[in-house]
Number of protein chains: 2
Amino acid sequence: MNNKNATKQVKSGRSKRGRPALSEAQRQEMRDKIALATQRLFKEEGYRNISMRRIAQEVGCAPMTLYQYYDSKLDILHTLWNEVFDELFGGLAELELEGREAQEQLQHLASAYVSYWVDNPDHYRLVYMTEGVSQSDVSVFIDDPDLMARYQVFAEVFGIVCANAFPRAVMAKKLDTLMCFLQGIIHNRVTISGYPWPDLGDMVGLAIHGVLNQEPKDE
Amino acid sequence: MNNKNATKQVKSGRSKRGRPALSEAQRQEMRDKIALATQRLFKEEGYRNISMRRIAQEVGCAPMTLYQYYDSKLDILHTLWNEVFDELFGGLAELELEGREAQEQLQHLASAYVSYWVDNPDHYRLVYMTEGVSQSDVSVFIDDPDLMARYQVFAEVFGIVCANAFPRAVMAKKLDTLMCFLQGIIHNRVTISGYPWPDLGDMVGLAIHGVLNQEPKDE
DNA sequence: TTAATTAAATGTACGCGTATAATTTAATTA
DNA sequence: TAATTAAATTATACGCGTACATTTAATTAA
């Protein structure tokens with residue numbers, strides 16, 4: 001069901017008659033062309049000015065032709081995600097974490113993560129809000145292995161901080177919870193930008209503290 | 001700029017000539033009619049099936065006539081918020097909090113709050129996601145005094161929990177932060193419904209713990 | 001009664017995402 | 001070469017929110 005158009009199985013060399021399917025190279029070339037045009041649009045005219053008709057115009061084809069290469073507008077927008085996540089995780093990778101204490105590392109990492117989204121609200125909207133697209137669930141995240149892999153940075157640093165203090169399963173839950181908290185901080189600061197929010201680092205600190213130093217209160 | 005159509009100043013009795021403006025009663029009647037039709041649509045056909053043309057059809061007028069009484073679709077949707085918040089805070093008011101310890105009260109309140117949204121994702125989307133509407137910022141919250149007032153419940157219970165442990169300003173920041181965390185929990189559970197999230201109460205517990213028992217670590 | 005005036009109501013049109021139908025294109029087969 | 005076939009492409013159409021133009025309706029002044 002997913003990404004039908006990504007590779008579009010050549011149906012194991014079916015049928016010698018009729019117009020042949022595009023080669024994988026041709027497919028990819030056009031996909032790249034579309035992605036590039038969308039990228040340019042995003043950069044030069046902003047998120048709100050990306051439309052299928054506008055992309056088609058840039059590419060030089062009819063709007064519906066785009067659907068030969070991508071399933072939906074959302075599918076096209078996903079190609080921009082890589083750009084965004086490259087920038088985001090590139091920045092995170094450059095952080096000087098080595099010398100510091102474990103929890104301080106986590107604090108720095110998480111703060112940088114939150115800051116990125118808050119400083120780039122258009123990117124946040126692109127990835128997390130995707131309005132105007134007819135789809136019901138945003139489960140895209142959990143079934144994109146590449147994307148999940150990038151978030152491993154957090155798991156690694158988090159693992160160091162926990163340092164065998166918790167069973168693996170508990171640690172995983174705590175990390176999930178932490179990421180939810182960070183998401184909450186980001187989402188609120190992006191969507192209610194006018195509010196006098198507390199210091200960003202402080203909020204992140206509370207989030208980390210919350211998931212880490214929980215007293216073993218039964219029940 | 002805001003809610004131009006809500007009361008629509010009669011321009012201080014201007015001009016005796018020409019068709020008279022609708023009376024306040026007539027205005028309100030039509031506004032109610034529209035709100036009611038929208039409410040019915042929401043309940044019977046779901047959030048996704050609310051459209052200006054559909055509402056107009058129910059009301060028995062042309063789509064553009066709706067704009068005589070409301071500024072935008074979003075403006076109409078806001079009338080549904082009251083319904084939702086009535087249900088939400090009504091439920092919260094019925095919670096048995098009295099006998100319990102303060103922090104446990106907060107835990108119950110917050111859990112019920114989160115549960116409401118998670119159990120009614122359509123309501124969450126209605127209030128917090130509002131897709132397909134052309135508007136840039138969702139600052140509607142902070143300049144709706146009635147709505148802000150309802151959230152005072154949290155401030156009250158939170159105040160009891162803190163019990164003079166923190167200065168008022170610090171307490172306010174902690175509360176803001178807690179609400180962000182809760183929002184994060186909700187948002188993730190609603191939008192990524194397929195994921196095996198940790199226990200809801202546990203997540204809420206970590207959020208509360210995070211903002212409350214912070215060690216006085218300077219800097 | 002008629003003309004003028006003003007608000008309310010409606011009609012038309014735009015760009016949107018995209019479903020579906022029709023057309024064009026590039027290959028094979030007769 | 002001409003007919004057939006299937007993929008690629010494009011045209012058309014729908015419902016969407018709503019800007020803008022037009023029409024209708026209700027009042028007063030002439």
Side-chain angles (χ1 to χ4, degrees), chain A residues 4-5 8-24 26-27 29-31 33-34 38 41 45-78 130-136, chain B residues 4-5 8-31 33-34 38 41 45-78 130-136:
Chain A
K4 175 168 61 77
N5 278 328
K8 203 172 198 179
Q9 293 291 63
V10 193
K11 279 291 176 61
S12 59
R14 281 251 134 277
S15 73
K16 316 198 69 168
R17 294 154 80 104
R19 179 175 177 169
L22 294 174
S23 71
E24 195 52 46
Q26 286 172 311
R27 274 202 86 63
E29 187 183 4
M30 184 62 166
R31 279 177 65 89
K33 198 172 174 185
I34 293 170
T38 307
L41 266 177
E45 319 209 5
Y47 175 58
R48 300 208 163 265
N49 286 42
I50 301 178
S51 76
M52 295 300 268
R53 286 171 173 82
R54 195 78 184 67
I55 296 171
Q57 184 181 315
E58 294 287 315
V59 170
C61 68
M64 288 309 294
T65 303
L66 301 174
Y67 288 89
Q68 191 67 220
Y69 300 92
Y70 291 93
D71 290 339
S72 64
K73 181 183 181 183
L74 188 60
D75 199 15
I76 296 181
L77 290 179
H78 284 171
T130 61
E131 63 186 326
V133 178
S134 46
Q135 64 138 25
S136 47
Chain B
K4 175 168 60 79
N5 278 327
K8 202 171 200 177
Q9 294 291 61
V10 193
K11 280 289 176 60
S12 58
R14 280 253 135 276
S15 72
K16 315 197 70 170
R17 294 152 79 104
R19 177 174 178 170
L22 294 175
S23 71
E24 196 51 47
Q26 287 173 310
R27 273 201 88 61
Q28 196 52 54
E29 188 182 4
M30 184 60 165
R31 278 176 67 88
K33 198 172 173 184
I34 293 170
T38 308
L41 265 178
E45 318 209 5
Y47 175 58
R48 301 208 162 268
N49 287 44
I50 301 178
S51 76
M52 295 300 269
R53 286 169 174 82
R54 195 79 184 67
I55 295 171
Q57 185 182 315
E58 295 286 316
V59 171
C61 68
M64 288 310 294
T65 303
L66 301 175
Y67 289 90
Q68 192 66 222
Y69 300 91
Y70 292 94
D71 290 339
S72 64
K73 180 182 182 183
L74 187 59
D75 198 16
I76 296 181
L77 290 180
H78 285 171
T130 61
E131 61 186 327
V133 179
S134 46
Q135 65 137 24
S136 46

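Numbered from 1 within each chain, the chains take letters A, B, ... in sequence-line order. Worth saying up front: this structure is predicted, and the values here are computed from it rather than measured.
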- Message: Looking at C:dG17, I'd like to know if its phosphate oxygens (OP1 or OP2) sit under 4.0 Å from a side-chain N or O belonging to A:Tyr67.
- Response: no

- Axis deviation across the helix from C:dT1-D:dA30 to C:dA30-D:dT1, five-pair ends, to the nearest 10°: 50°

- Task: Tell me, with the steps shown, if A:Tyr70 and A:Leu74 meet side chain to side chain contact (heavy atoms under 4.5 Å, CB included).
- Result: CA-CA 9 Å; A:Tyr70 291 93; A:Leu74 188 60; over 6 Å; no

- Do the side chain of B:Arg53 and the base of D:dT18 come within less than 3.5 angstrom through a donor-acceptor pair of N or O atoms? yes

- Query: How many angstroms lie between atom CD1 of A:Ile76 and atom CG of A:Leu41, to the nearest 0.5 angstrom?
  - Reply: 10.5 Å

- Message: Any side-chain N or O of A:Gln68 below 4.0 angstrom from OP1/OP2 of D:dA8?
- Response: yes

- Item | Distance-minimising heavy-atom pair for A:Pro63 and A:Arg53 | CG-CG, 3.9 Å

- Taking the side chain of A:Met64 as its heavy atoms from C-beta onward, which of D:dA26, D:dA8, D:dT10 lies nearest to it? D:dT10

- Is the CD atom of A:Glu29 crowded by more than 12 outside heavy atoms at less than 6.0 Å? no

- Roughly, in whole Å, what's the span from NZ in A:Lys73 to C1' in D:dC16? 13 Å

- Task: Take atom CD of B:Gln26 and atom P of C:dA9, then tell me their distance rounded to the nearest Å.
- Result: 9 Å

- Task: Identify which nucleotide among D:dC16, C:dT18, C:dA27 has an atom closest to any side-chain atom of A:Pro63, counting heavy atoms from C-beta outward.
- Result: C:dT18

- Listed in order of residue number, which residues of residues 55-62 of chain A have a non-hydrogen atom at under 4.0 Å from DNA chain D? A:Cys61, A:Ala62

- Task: Calculate the interatomic distance between A:Leu22 atom CG and C:dA27 atom P; express it in whole Å.
- Result: 11 Å

- Query: Is the shortest side-chain N to carboxylate O distance from A:Glu58 to A:Arg54 below 4.0 Å?
  - Reply: yes

- Message: What verdict does the side chain to side chain contact (heavy atoms under 4.5 Å, CB included) test give for B:Met52 and B:Tyr67, after you've listed the backbone C-alpha separation in whole Å, the side-chain angles of each residue and the deciding distance to 0.1 Å?
- Response: CA-CA 10 Å; B:Met52 295 300 269; B:Tyr67 289 90; 3.5 Å; yes

- Task: To the nearest Å, give me how far apart CZ (A:Arg19) and P (D:dA6) are.
- Result: 15 Å

- Between CZ of B:Arg31 and CD1 of B:Ile34, what distance do you get to the nearest 0.5 Å? 8.0 Å

- Message: Using a heavy-atom cut-off of 4.0 Å across all strands, would you classify A:Leu66 as base, sugar-phosphate, or nothing?
- Response: nothing

- Task: Please tell me which of B:Pro20 and B:Asn49 maps to the more 5' nucleotide of DNA chain D, matching each residue to the nucleotide holding its nearest heavy atom.
- Result: B:Asn49

- Item | Shortest non-hydrogen separation from B:Arg27 to B:Leu22 and the atoms involved | CG-CB, 4.2 Å

- Message: For a quick test of reading the model: is some side-chain N or O of B:Ser51 closer than 4.0 Å to OP1 or OP2 of D:dC16?
- Response: yes

- Query: Nearest-Å distance, CE (B:Met52) to P (C:dT10)?
  - Reply: 14 Å

- Once you round it to whole Å, what is the distance between C1' of D:dC16 and OH of B:Tyr47? 13 Å

Using the 3.5 Å cut-off, write out each protein N or O paired with an N or O of nucleotides 1-4 of chain D and the distance between them.
from	atom 1	to	atom 2	distance (Å)
D:dT4	O3'	A:Arg17	NH2	3.3

- Task: Drop me the distance from A:Thr38's OG1 to A:Lys73's NZ, to the nearest 0.5 angstrom.
- Result: 9.5 Å

- Item | Euclidean distance, atom CE of residue B:Met30 to atom C1' of C:dA7 [Å, nearest integer] | 14 Å

- Message: In whole Å, I'd like the distance from the NZ atom of A:Lys33 to the P atom of D:dA8.
- Response: 16 Å

- Can you find a heavy atom in the side chain of A:Met30 that is under 4.5 Å from one in the side chain of A:Cys61? yes

- Pairwise distance CD(A:Gln57) to OG(A:Ser51) - rounded to 0.5 angstrom: 8.0 Å

- Are any non-hydrogen side-chain atoms of A:Ile55 and A:Ile50 less than 4.5 angstrom apart? yes

- Message: Which nucleotide wins on minimum distance to the side chain of A:Tyr69, given the candidates D:dG17, D:dA8, C:dT18?
- Response: D:dA8

- So what does A:Ile50 hit on the nucleic acid, given a heavy-atom distance under 4.0 Å: a base, only sugar-phosphate, or nothing? sugar-phosphate

